[in-house]
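Reviewing the structure listed below.
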4 protein chains.
Amino acid sequence: MGVARSRGTAVKEEAADARRNRREHLLEAAVELFATKGYAATTMRDIADASGILAGSIYHHFASKEAMLDEALRDFLVRLYERFAAAERAGDDPRETLSRLVRISFLSIHESPHAVAVYQNETGSDVLRKEAFAYVTDYGNRIEQVWLRVLTTGQMSGMVRPDFDVKVGYLFIRDAIWSAVRWYRPGGQMTPENLAEQYLGLLYKGLD
Amino acid sequence: MGVARSRGTAVKEEAADARRNRREHLLEAAVELFATKGYAATTMRDIADASGILAGSIYHHFASKEAMLDEALRDFLVRLYERFAAAERAGDDPRETLSRLVRISFLSIHESPHAVAVYQNETGSDVLRKEAFAYVTDYGNRIEQVWLRVLTTGQMSGMVRPDFDVKVGYLFIRDAIWSAVRWYRPGGQMTPENLAEQYLGLLYKGLD
Amino acid sequence: MGVARSRGTAVKEEAADARRNRREHLLEAAVELFATKGYAATTMRDIADASGILAGSIYHHFASKEAMLDEALRDFLVRLYERFAAAERAGDDPRETLSRLVRISFLSIHESPHAVAVYQNETGSDVLRKEAFAYVTDYGNRIEQVWLRVLTTGQMSGMVRPDFDVKVGYLFIRDAIWSAVRWYRPGGQMTPENLAEQYLGLLYKGLD
Amino acid sequence: MGVARSRGTAVKEEAADARRNRREHLLEAAVELFATKGYAATTMRDIADASGILAGSIYHHFASKEAMLDEALRDFLVRLYERFAAAERAGDDPRETLSRLVRISFLSIHESPHAVAVYQNETGSDVLRKEAFAYVTDYGNRIEQVWLRVLTTGQMSGMVRPDFDVKVGYLFIRDAIWSAVRWYRPGGQMTPENLAEQYLGLLYKGLD
DNA sequence: GATGAATGAGGATTCATTCAT
DNA sequence: CATGAATGAATCCTCATTCAT
């Protein structure tokens with residue numbers, strides 16, 4: 001600061017930036033394609049074409065197609081879990097916590113629609129059954145535990161009616177929320193906050 | 001019973017059965033694999049292995065991999081739409097009709113889990129975008145119209161609260177129901193009727 | 001003769017006729033397809049479809065696809081060679097003999113256009129290079145010898161100008177004649193006799 | 001000569017050459033095989049074997065087997081038609097023009113025997129009936145028109161006898177010339193000029 | 001004699017990946 | 001770092017042929 005950086009350093013940083021950008025661009029292109037066409041149906045050439053380089057050159061930035069999937073999923077899941085854990089730690093009453101989980105979920109869809117779609121669509125596919133992707137199921141389970149704890153606590157404290165089946169109810173809730181990635185379009189009229197309010201309305205008040 | 005069939009007749013019927021069975025078995029194996037691994041990721045060899053014949057032999061029964069997908073989806077969609085149309089024609093009050101749609105849906109998941117999963121997972125995939133599969137979108141739209149009509153009528157007749165957003169609400173409902181195919185296991189403790197009641201409870205009463 | 005044949009015999013003969021007919025029909029269908037689509041591109045199913053039976057059933061009449069080709073080519077070549085040999089034996093003056101060869105050729109095209117086309121098109125193909133088809137080249141050579149003898153004799157007797165290159169000239173003549181199979185349509189306005197006259201005119205008088 | 005090129009330049013040019021050569025070599029190998037065995041009977045493996053690479057690698061240079069056929073035929077037909085059109089434009093007397101057409105034809109056989117053979121043999125085959133190859137028939141027709149115009153003009157100007165049937169005569173001439181590709185061997189004793197003279201002799205003077 | 005199911009050997013094409021330049 | 005050529009395994013599909021019924 002205040003001191004002029006040598007030209008060499010600037011050049012090097014620009015280069016580093018370019019490299020980082022290329023990498024990021026590649027990963028974004030890949031995830032978007034994975035989300036749109038499916039992981040297996042996306043070819044390295046698809047990714048390369050979308051990024052203006054040749055397929056072989058991708059291997060200078062990523063070890064394999066799998067590595068791209070891994071990086072995208074891991075980033076997304078880690079971030080999501082951290083937000084869920086923070087919401088739970090905040091320790092408000094269960095109803096408030098539940099609302100937060102819903103809002104976090106729709107916000108994640110808004111921020112990372114492609115990663116969410118890939119996670120949704122590839123669950124159960126051949127790739128994710130590989131040992132290297134065990135962490136995906138792992139994070140999925142941890143996130144599920146948060147939901148179940150909140151719902152159970154809510155039921156014990158009387159905020160949720162006793163005849164509500166927590167385990168099955170959770171699945172209905174989870175699926176309704178995450179499936180929104182299939183039709184929600186960031187930048188459209190709906191904000192993620194709107195969506196969350198709509199869904200919470202359905203959840204608390206029902207249809208009538 | 002009591003009347004002995006001639007041996008020749010019995011043999012012929014067995015042969016006809018075997019033929020029918022082989023075809024059906026092949027189709028069932030295919031759809032299950034399509035549902036589990038995805039259509040594109042399923043190879044003719046996978047299907048053949050699951051049926052104890054060689055991959056090339058499948059082509060005696062089906063013209064192509066696509067033809068197998070077509071037959072499975074068409075059967076499923078036609079049956080589903082007919083049930084929906086019948087429910088709507090029955091003309092009960094909207095709330096009762098809505099309940100029927102929910103019950104029909106869970107029953108369909110129970111009866112044809114694999115077809116439902118394929119329909120869910122492949123929507124938007126390359127295969128279904130082909131002209132030959134235009135009817136899939138078509139039936140999808142017709143089914144969507146039934147839901148929207150019932151919800152709208154319900155809202156006009158005061159059975160659904162006025163601040164319920166029909167279009168978005170429909171999507172939440174649809175996704176929650178059909179996504180159950182991912183975790184519902186026919187033959188487990190849950191019956192499709194149970195499931196429908198659980199979901200209708202959530203829908204009408206909300207959480208509390 | 002004069003004695004009524006028993007019913008059983010008549011039935012047997014009808015059956016024998018049916019069998020012969022089926023065989024002949026199959027062979028005709030096969031040769032037409034070989035001529036039109038090429039031997040390799042013609043499938044047993046093509047032949048079966050054209051004959052109203054199933055592909056597997058052909059093997060009750062012919063040992064293999066190759067056997068069908070063999071029978072068709074052999075019949076044709078034997079007949080053609082016999083006619084050529086007879087024309088040469090007739091021993092007229094070379095010019096008359098040459099005219100006969102030309103007429104025989106166009107007549108053969110008229111009678112067996114498909115066999116001619118197959119012979120033309122498959123010469124040099126993989127099938128005909130097999131040992132089993134050595135006789136094809138053989139007959140081809142014998143037929144060539146007839147042409148060359150007639151032309152040489154004609155040149156020695158002064159009926160053909162001395163600067164005519166017999167070997168090359170023969171090839172031009174042969175090709176012009178047999179290639180007519182590609183555009184000549186039996187049953188059209190042109191008779192094989194017309195064609196022969198047209199070509200002989202070109203051959204003896206030239207263009208002017 | 002005398003000016004040393006830098007090593008780098010030389011290396012680059014060699015590389016460019018290698019690339020061009022590989023593609024050209026592949027196409028040449030392909031066309032030769034198409035001519036010899038027939039398009040359908042030629043496998044990508046045949047082509048690859050003849051070029052010392054694996055079958056899959058061909059797809060780096062050509063989009064498909066069909067694309068190879070297309071490139072070879074198009075190049076040949078365009079060049080041939082241009083030469084014919086130029087000969088006609090030259091506007092000499094019909095006899096001279098006719099002689100030129102004959103010489104151009106034998107020269108084309110000499111230069112591109114394989115392309116000529118493919119054009120001859122595949123006319124009427126399944127591949128060439130595809131929409132993508134409509135231009136082949138197109139060029140064929142244009143070339144035919146040139147021949148017919150020249151012959152008709154020649155007949156009107158009295159250089160061709162009045163009883164010569166132009167339409168049929170053209171077919172005899174065309175077939176005699178182009179069929180030569182089956183037996184003419186470039187590099188043998190016969191030059192294309194010889195061949196043209198021989199054929200023109202037969203055409204103008206006849207046999208005697 | 002015909003049927004229809006099955007075989008097994010290809011054939012064109014695709015694609016993740018490697019590597020010399 | 002990027003290129004582009006090459007690999008080799010895998011995929012869908014075709015087809016001559018066999019054989020039990």
- Where each residue is assigned the nucleotide of DNA chain E containing its nearest heavy atom, which of A:S57 and A:T42 is assigned the position nearer the 5′ end? A:T42
- For A:A41 and for B:A55, locate the closest nucleotide of DNA chain E by heavy-atom distance; then report the residue assigned to the nucleotide nearer the 5' terminus. B:A55
- Distance only, no hydrogens: is a donor on one side chain within 3.5 Å (strictly under) of an acceptor on the other, for D:D70 and D:Y135? yes
Starting from [atom2] on [N], measure out to [atom1] on [X] and report it in whole angstrom.
X	N	atom1	atom2	value
A:D49	E:dA16	CG	P	12 Å
D:K37	E:dG10	NZ	P	13 Å
A:H61	F:dT3	NE2	P	9 Å
D:F62	F:dA5	CZ	P	11 Å
A:N21	F:dA2	CG	P	12 Å
D:D46	E:dG11	CG	P	7 Å
D:I58	E:dA12	CD1	P	9 Å
D:R45	E:dA9	CZ	P	15 Å

Looking only at side-chain atoms of [X], point me to the closest of [options].
X	options	result
A:H60	F:dT3, E:dT7, F:dT17	F:dT3
D:T43	F:dA6, E:dA12, F:dC12	E:dA12
D:Y59	E:dA12, F:dA6, F:dT17	E:dA12

- For DNA chain F, whose closest nucleotide is more 5', that of B:K65 or that of D:G52? D:G52
- Task: Could you say whether D:I53 or C:E66 is positioned toward the 5' end of DNA chain F, judged by the nucleotide with the nearest heavy atom to each?
- Result: D:I53
- Note, A:I58 side chain near A:M68 side chain (heavy atom, < 4.5 Å): yes
- Message: Using only atom types and a distance under 3.5 Å, with no angle test, would you say the side chain of D:S64 pairs donor to acceptor with the backbone of D:A67?
- Response: yes
- Query: If you look at every strand shown and take non-hydrogen atoms under 4.0 Å, does A:L54 touch a base, only sugar-phosphate, or nothing?
  - Reply: base
- Query: Can you tell me the Watson-Crick or wobble partner of E:dA20, both distances under 3.5 angstrom?
  - Reply: F:dT3
- Query: Any salt bridge between A:R23 and A:E71, counting N to O under 4.0 Å?
  - Reply: yes
- Any B:R22 side-chain nitrogen or oxygen under 4.0 Å from OP1 or OP2 of E:dA6: yes
- Message: Restricting to non-hydrogen atoms, name the atom on B:V31 and the atom on B:V118 that form the minimum distance, rounded to 0.1 Å.
- Response: O-CG2, 3.9 Å
